[in-house]
There are 2 protein chains.
Amino acid sequence: MTASRVLSGAGYSSGEAREAVRRAADELGYRPNTIARALVQGATRTVGLVVGDVENPFFATLARVIADALEERGYTLLLTNSDEDPTREGRLVDALLGRQVDGLIVAPSAGAGRHLAAAVAGGVALVQVDRAVRGLAADVVLVDNAHGAEVAVSHLAALGHQRIACVTDPVGLGSSRERVAGYRTAIAAHGLEPFIFEAAGVTQHAGLAASRHALAARPTALFTASNLMTLGAMRAIREAALAIPADVALIGFDDLDWTTLVDPPLTVVAQPVAEVGRVAAELLLERLTGDTKPPRRVRLRTSLVVRHSCGERP
Amino acid sequence: MTASRVLSGAGYSSGEAREAVRRAADELGYRPNTIARALVQGATRTVGLVVGDVENPFFATLARVIADALEERGYTLLLTNSDEDPTREGRLVDALLGRQVDGLIVAPSAGAGRHLAAAVAGGVALVQVDRAVRGLAADVVLVDNAHGAEVAVSHLAALGHQRIACVTDPVGLGSSRERVAGYRTAIAAHGLEPFIFEAAGVTQHAGLAASRHALAARPTALFTASNLMTLGAMRAIREAALAIPADVALIGFDDLDWTTLVDPPLTVVAQPVAEVGRVAAELLLERLTGDTKPPRRVRLRTSLVVRHSCGERP
DNA sequence: CTGTTAGCGCGTTCAG
DNA sequence: CTGAACGCGCTAACAG
């Protein structure tokens, strides 16, 4: 009826009728049922987000930025955590699809290709963040992992470090794999020997264990490939009563609040996290408004933030 | 038709028909439309969560725990950030209600009573976390803020501190107000003079500014009423080139990963964040399954974690 | 400009 | 046990 036209703002309505409807709606405390509207329009204005774990500050920032960008355009965010488990991720994607999300932003876990491929085949807009499934025809926004790692390790080499170990999350994750590749490139370029320690999981605890092994190899410097690994390394170093950078230098990937609070402040490779989120949201929004151009792959630049944990001159 | 009965598991169906339907559904890649089902059943199995900001680790953990507990029961989480702005929070709650969430978990910002009252009047299950709107007939789970603050300040006093300043988030937030009250109680009990510095906002930056003012009063100890304030205080102290605890002692509310990484490790009042989330989810789930008992108010215990930032003997 | 009608995809009747 | 019809709240299309 007319009421619908008034409230949804579309179609014709006389000023008089508009007034009447508005007033009535107000008094009855009428609130449109978004879900019924979605059923007929075939669009829920809802987007599903699948991250590894919101407790990881990297993902928390991502979630925050994406939520803001979407909210601005009337979309709402369905948040889920995969714990980097592909089975769990599959279930989550299914649940999200069943809820008729218009789009999906996913940080794909290792080996999560099947469900995502099915999703895009089913015509859902999909944007991958932080990592990409090989061969999947979907937008993706990531950072320059290999280059960032390479710069970090070269920084250590330039400071005279010869035994540089790498502590990384499981390399099943594309981002980790790329960072390790960058590490290898730099190590080879400087004619050094690689020492790679892969954590058993994406947790601070696994990072601690891997870092203990790394320290047992008596490196003069550690490159940690994620903020969780950096946290683990800090604990291992403290546990071994080693001094940074005198006994062992440390350079991490990803910059967090606390990196400037510790002594010495940490030299790190900073990621443009907020921009990753912003771009991902933008790409998705474009797809949602009918853009059908071929999938785009955006790679954002990391930057080396030199502080004092590698033996730099003050 | 029969298919519906088979797939939804209810009603009668012959084993033979069941088989046929299952197979057909599989081959067609049929995925039930949760939204259509919701329209007829009047339940979306979706819960809205309104926190101040997921980037705050306190809320990130809360979101994580709540998401897990709900997911286990087939619910999905709609995540939003209020930035502690009641106007914004009102819009978010409206949007969430329009999306027909079955329930709401909210950390109410200062003066957010109206929309929440309307929501419960409208029959939505609501659980408040971390803070409560006065006089709102809804469940709430919070921590023992006043007592935690009191213990913290008494700890400082027992160590001989006489000039103890308090740096707090805006006291419009119930949690902050309670912590300041606890500070006052302890200060009075020890016959000391209160010095209270209220930040202009719930951000690290506002905490830094308030901490600068606090330090200008030459206190021998600082009590910071939230993790953001602690972060700000750490920066202000470093900026003033003061040593902890020799020049100024520090005790914070809320324990985070990095508090043991700084030197000295921070003495803090730890909150049972995960349990807050778990209990909130449980309460909501109970309401969702028809519990109509009068609103419950759960208060969880905080604990003093003694480390070395207050001049404690090692 | 406005009233009426159909139907989005389901679950729930109520007959068979 | 199964098929058919109805309706959840809304918008789209079509008459008036």
Side-chain angles (χ1 to χ4, degrees), chain A residues 1-46 48 74-76 78 94-103 118-119 122-125 288-290, chain B residues 1-46 48 74-76 78 94-103 118-119 122-125 288-290:
Chain A
M1 43 165 121
T2 310
S4 168
R5 276 185 282 251
V6 174
L7 295 169
S8 65
Y12 310 97
S13 55
S14 68
E16 187 186 337
R18 212 171 319 167
E19 252 321 291
V21 173
R22 286 255 166 75
R23 213 148 8 94
D26 251 37
E27 300 194 356
L28 296 177
Y30 172 81
R31 197 193 307 285
N33 184 329
T34 309
I35 222 181
R37 176 189 316 213
L39 188 57
V40 36
Q41 298 197 326
T44 54
R45 295 191 81 85
T46 295
Y75 285 82
T76 308
L78 240 14
D94 269 359
L96 257 13
L97 258 23
R99 282 183 158 79
Q100 311 300 113
V101 294
D102 294 343
V124 188
L288 258 21
T289 51
Chain B
M1 45 166 126
T2 310
S4 167
R5 276 184 280 249
V6 173
L7 296 168
S8 63
Y12 309 98
S13 55
S14 68
E16 187 185 338
R18 213 172 316 168
E19 252 321 290
V21 172
R22 287 255 166 76
R23 216 151 3 99
D26 252 37
E27 299 192 357
L28 296 177
Y30 172 81
R31 199 193 305 284
N33 186 328
T34 309
I35 222 182
R37 176 187 317 213
L39 188 57
V40 34
Q41 299 198 146
T44 53
R45 294 193 80 85
T46 295
Y75 286 81
T76 308
L78 239 16
D94 269 358
L96 256 15
L97 258 22
R99 283 184 158 79
Q100 310 300 115
V101 294
D102 295 342
V124 188
L288 258 22
T289 50

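Below, read A as the first sequence line, B as the second, and so on, with proteins coming before strands; counting in each chain starts at 1.
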Could you tell me how far C:dT5 sits from D:dC6 if I compare only their C1' atoms? Round to whole Å.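 Those two atoms are separated by 16 Å.
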
Rounded to whole Å, please give me the gap between [atom1] in [X] and [atom2] in [N].
X	N	atom1	atom2	result
A:Arg99	C:dC8	CZ	P	23 Å
B:Ile35	D:dC10	CD1	P	13 Å
B:Asn33	C:dG7	CG	P	18 Å
B:Arg31	C:dG9	CZ	P	15 Å
A:Leu39	D:dC8	CG	C1'	9 Å

Listed by chain and number, what are the side chain to side chain donor-acceptor pair (under 3.5 Å) partners of B:Asn33, not counting sequence neighbours? none

What residues, two or more places apart in sequence or in another chain, satisfy side chain to side chain donor-acceptor pair (under 3.5 Å) together with B:Thr34? none

Would you say A:Gln41 reaches D:dA12's phosphate, i.e. side-chain N/O to OP1/OP2 under 4.0 Å? yes

Protein and nucleotides 13-16 of chain D: nitrogen or oxygen contacts under 3.5 angstrom:
none

Audit row: B:Arg99, B:Thr44, side chain to side chain contact (heavy atoms under 4.5 Å, CB included) steps and yes/no: CA-CA 9 Å; B:Arg99 283 184 158 79; B:Thr44 53; over 6 Å; no

Quick one: pull up CD in A:Gln100 and CG in A:Leu78 and give me the separation to the nearest 0.5 Å.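 Atom-to-atom, A:Gln100:CD and A:Leu78:CG are 11.5 Å apart.
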
In what stems does DNA chain D take part, counting only runs of at least 3 consecutive Watson-Crick or G-U pairs whose two distances fall under 3.5 Å? C:1-4 with D:13-16, C:6-16 with D:1-11

Side chain proximity check, B:Leu288 to B:Tyr75, heavy atoms < 4.5 angstrom: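 They are in side-chain contact.
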
Can you find a heavy atom in the side chain of B:Arg37 that is under 4.5 Å from one in the side chain of B:Arg45?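 Answer no - side chains too far apart.
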
Name all residues meeting the side-chain contact (heavy atoms from CB on, under 4.5 Å) criterion together with A:Ala25; count only those two or more places apart in sequence or in a different chain, and write none if there are none.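 Partners of A:Ala25 under the side-chain contact (heavy atoms from CB on, under 4.5 Å) test: A:Leu7, A:Tyr30.
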
Dump the intermediate steps for side chain to side chain contact (heavy atoms under 4.5 Å, CB included) on B:Leu97 and B:Val124, then the final yes or no. CA-CA 8 Å; B:Leu97 258 22; B:Val124 188; 3.8 Å; yes

Heavy-atom pair of closest approach, residues A:Leu96 and A:Gly48: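 Taking A:Leu96 first and A:Gly48 second, the nearest heavy atoms are CG-CA, 4.0 Å.
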
A:Ala36 side chain: which of D:dG9, D:dT11, C:dC10 is closest?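 Out of D:dG9, D:dT11, C:dC10, the nucleotide with an atom closest to A:Ala36's side chain is D:dG9.
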
